[in-house]
A.B. asks: 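Let me give you the structure first, and then I'll get to my questions.
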Amino acid sequence: MKGNVYTLVYSAILGTACALLLTAAATFTKPYQDANKEAEEMLNILTALKVPFDEGATAKQLIEIYEANIKEQDASDELTYYEYRPASGSLEAVAVRFAGPGLWAPVKGFLAMEADKRTIRGITFYEQEETPGLGGDIVTDKFRNQFAGKSIVDSSGAAGIVIGVGKQTQDNGVDGITGATMTCDKVQQMINEVLTMIVEEGK
Amino acid sequence: MSDGGQQLCGGGTCKGLCGGKGFETLKDGAWTSNPLAIQVLGICSALAVTNRLENSLVMGAALIFVCVGSNLFVSLLRKHTPHRIRMIAEVAIIATFVILFDQFLKAFYWDMSKQLGPYVGLIITNCIVMGRAEAFALQNPPVLSIVDGFANGFGYAVALAVIGACRELFGSGEILGYKLLSATWYEPNQLMILAPGAFFTFGIVIAVFNAIKGPDEEESK
């Protein structure tokens, strides 16, 4: 009969061995994982800005394309512009990061505008855990493509977009997702926070 | 799964593949008691990741790796593990291997890792892995346990690959990204990509598998 002490010692040794192994693996793979995460973020910025790139590009290639085309410009502590300047050098488009609480977990993404900083060019979400099939559909092309060409201000010039119910006729409105009102409201709110900053900053 | 294997193999007197036990174990895991088609275990992941053949193959590889690794260590430690905490020990070992594989995917196959999402991590709770550790590795020597782990992982992988190939072929007209069914005459069936397609395909695979294997001797008695 093996006693309690043996059980405790056994557990401690097994636990330590497993933990050590996992720590070693995590430490070894961390630089690769970080590079992948960075490339993922860059991929989203490039996609939002509609920078042409090969879909099968590796993390390394993406970083190269990113560094050749994108300039980061801090407007304030909270606002960083990712400027798309192709080889010709003129400003083609500009993207900003937005983030905020979603329905279940943080939602993060990038919103790209034309060089005028008033017309939306594209949008991507790189982190979200909304309800699959409902709020999760914010990542679909169908939802995202609506944003292109929309204005970031309403007819009176106030900053903000509307993710509303049904087809939107105004310049700054997109059709929300049925059954995902909470997600749409929260996404609208987090985007508008950034848009307010952009409009304020331009004054 | 009798103790015969232990006597034949335990003392290091391995003749052939564990004194003839090896082939039987291999056949058992991969064919006669195939974890997916016969035991219907681990179907959550099987239904979730089989929308493309590539995903199925990686998932199959993950399960082979985890099954072999966990079976080996559970078997090595089987005489030292206190009976009361054996399940916790098994899960700790299984979780270690699963996380190792997950970390590896995240570092070197990022896109694949994104596509498989939480399902790699969920291998920890896959009944096949735990089942083999509990039912086989605890009573059998390491080498035979490795064979058993491989056989079951392989059986799972093959069944997964068949389902994945069917769903990808009929769902998008491709296999591993190569267009096989031309879009000019074949309209891809979206249903096959979605969850119901997995259930239909899985059901058909089980039926075909059983038809080929023939009736279970014990059941037909």
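Please read all numbers here as calculations on a predicted model, not as lab measurements. Chain identifiers are assigned alphabetically (A, B, ...) following the order of the sequence lines, protein sequences preceding nucleic acid strands; residue numbering begins at 1 within each chain.
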A.B. asks: Y10(A) and T81(B): side-chain contact (heavy atoms from CB on, under 4.5 Å), yes or no, with the steps?
C.D. replies: CA-CA 7 Å; Y10(A) 178 90; T81(B) 310; 2.7 Å; yes
A.B. asks: Go through K106(B) and K37(A) one step at a time and tell me if the side-chain contact (heavy atoms from CB on, under 4.5 Å) criterion holds.
C.D. replies: CA-CA 9 Å; K106(B) 277 194 181 130; K37(A) 276 183 195 136; 6.0 Å; no
A.B. asks: Is a side-chain donor or acceptor of N36(A) paired with a backbone partner of W110(B) at a separation under 3.5 angstrom?
C.D. replies: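 Absent.
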A.B. asks: Surrounding CZ of F199(B) (heavy atoms of other residues, nucleotides or ligands, distance under 6.0 Å), is the total greater than 12?
C.D. replies: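 Count not over threshold, so no.
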A.B. asks: Give me the atom names and distance for the closest heavy-atom approach of L22(A) to T96(B).
C.D. replies: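 That closest heavy-atom pairing would be CD2-O, 3.5 Å.
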A.B. asks: At what distance, to the nearest 0.5 angstrom, does OH of Y109(B) lie from OH of Y32(A)?
C.D. replies: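 Answer rounded to 0.5 Å: 12.5 Å.
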A.B. asks: Quick one, L77(B) and L14(A) - any side-chain contact, counting heavy atoms below 4.5 Å?
C.D. replies: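 Yes, close enough: below the 4.5 Å cut-off.
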A.B. asks: Which distance, rounded to the nearest 0.5 Å, do you find between the CG of L105(B) and the CD of Q33(A)?
C.D. replies: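 That separation rounds to 10.0 Å.
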A.B. asks: Can you spot which of T7(A), V9(A), N4(A) makes a side-chain contact (heavy atoms from CB on, under 4.5 Å) with P82(B)?
C.D. replies: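 Per the side-chain contact (heavy atoms from CB on, under 4.5 Å) rule, the option paired with P82(B) is T7(A), out of T7(A), V9(A), N4(A).
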A.B. asks: May I ask you to check whether over 12 heavy atoms, not counting those of M112(B), lie within 6.0 Å of atom CE?
C.D. replies: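 Count over threshold, so yes.
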A.B. asks: Between A25(A), C18(A), G15(A), who has the most heavy-atom pairs with chain B when the cutoff is under 4.5 Å?
C.D. replies: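 Looking at each of A25(A), C18(A), G15(A) in turn, C18(A) comes out on top.
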A.B. asks: Would the number of heavy atoms belonging to other residues, nucleotides or ligands and lying under 6.0 Å from CD of E64(A) be above 12?
C.D. replies: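 More than 12 heavy atoms, drawn from other residues, nucleotides or ligands, come within 6.0 Å of this atom.
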A.B. asks: Could you have a look at I85(B), I93(B), D111(B) and say which one has the most heavy-atom pairs with chain A under 4.5 angstrom?
C.D. replies: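 Counting heavy-atom pairs under 4.5 Å, the top option is I85(B).
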A.B. asks: Out of A92(B), A89(B), A107(B), which one racks up the most heavy-atom pairs below 4.5 Å with chain A?
C.D. replies: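 Ranked by contacts with chain A, first place is A107(B).
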A.B. asks: Is any side-chain heavy atom of Y6(A) less than 4.5 Å from a side-chain heavy atom of H80(B)?
C.D. replies: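 Yes, close enough: below the 4.5 Å cut-off.
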A.B. asks: Answer yes or no: does atom NZ of K30(A) have more than 12 heavy-atom neighbours from other residues, nucleotides or ligands under 6.0 Å?
C.D. replies: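 Count not over threshold, so no.
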A.B. asks: Please indicate whether F154(B) has more than 12 foreign heavy atoms, meaning atoms of other residues, nucleotides or ligands, lying under 6.0 Å from its CZ.
C.D. replies: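 No, because the 6.0 Å sphere around CZ of F154(B) holds 12 heavy atoms or fewer from other groups.
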A.B. asks: Are more than 12 heavy atoms, taken from residues, nucleotides or ligands other than F73(B), located less than 6.0 Å from that residue's CZ atom?
C.D. replies: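 Counting neighbours around CZ of F73(B), 12 or fewer heavy atoms of other residues, nucleotides or ligands fall under 6.0 Å, so no.
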A.B. asks: If you count the non-hydrogen atoms of other residues, nucleotides and ligands that lie under 6.0 Å from CZ in F209(B), is the total more than 12?
C.D. replies: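 Yes, CZ of F209(B) has more than 12 neighbouring heavy atoms, counting only those of other groups under 6.0 Å.
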